[in-house]
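Quick one: structure below, then a few questions.
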Amino acid sequence: QMSQVTAQTFLNDLTVGRIEAAYARTTEGFQARQTLDEFRALLAKNRAFQKQATVMVHPITMTPGTASFTATISAPDGAATCTVDVIKEGEQWKVDRFIITSGQAK
């Protein structure tokens, strides 16, 4: 399922420090609501988004053109749970919402 691949790739990018690549996978609406600097600041507050993290993605809901996933990110120095919503923007799946629902702050 391409929507799940999009969510997984987005989170994998975050856990290896490819923040700009992850941000590029977001919708125009996401980018209008949150700048790259704000996105970077959000991630800096959570220890789970670092190298050597493991990402597990699970579908919540899927409909034509939209999908929601819950994900658990586990790293040696912290863990986080988040929700990732993806939508079809043109022909590509992109992340429209990313919320860290629990985790350890630095």
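As the structure is a computational prediction, the values presented were derived from the model and not from experiment. When reading the values below, keep in mind they use all heavy atoms of this one structure, side chains included, and skip hydrogens, waters and symmetry mates.
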Could you give the side-chain donor-acceptor pairs of residues 13-24 under 3.5 Å, partners two or more places apart or in another chain?
residue: Asp13; atom: OD1; partner: Arg18; partner atom: NE; Å: 2.9
residue: Asp13; atom: OD1; partner: Arg18; partner atom: NH2; Å: 2.7
residue: Asp13; atom: OD2; partner: Arg25; partner atom: NE; Å: 2.8
residue: Asp13; atom: OD2; partner: Arg25; partner atom: NH2; Å: 3.3
residue: Thr15; atom: OG1; partner: Asn12; partner atom: O; Å: 3.0
residue: Glu20; atom: OE2; partner: Arg40; partner atom: NH1; Å: 3.4
residue: Glu20; atom: OE2; partner: Arg40; partner atom: NH2; Å: 2.9
residue: Tyr23; atom: OH; partner: Gln34; partner atom: O; Å: 2.6
residue: Tyr23; atom: OH; partner: Leu36; partner atom: N; Å: 3.4

For the pair Ser3 and Thr66, evaluate side chain to side chain contact (heavy atoms under 4.5 Å, CB included) and give the outcome as yes or no after the intermediate values. CA-CA 8 Å; Ser3 57; Thr66 66; over 6 Å; no
Val57 side chain near Val84 side chain, heavy-atom distance below 4.5 Å: no
Any luck finding a side-chain donor-acceptor pair between Thr81 and Thr72 under 3.5 Å? no
ILVMFWY network linking Met62 to Met2, side-chain heavy atoms under 4.5 angstrom: yes
Residue from Phe30, Phe69, Phe10 passing ring-ring contact (aromatic ring centres under 6.0 Å, His included) with Phe98: Phe10
Closest approach of Asn46 and Ala79, non-hydrogen atoms and distance? OD1-O, 4.1 Å
Considering all heavy atoms, the nearest Ala75-Ala48 contact: CB-O, 3.7 Å
Is the shortest heavy-atom distance from the side chain of Ile73 to the side chain of Cys82 under 4.5 Å? yes
Please table the atom pairs, donor to acceptor, closer than 3.5 Å between any side-chain atom in residues 89-96 and protein atoms at least two apart or in another chain.
residue: Glu89; atom: OE2; partner: Glu28; partner atom: N; Å: 3.1
residue: Asp96; atom: OD1; partner: Thr27; partner atom: OG1; Å: 2.6

Output for pair (Leu42 CG, Glu38 CD), nearest 0.5 Å, gives 10.0 Å
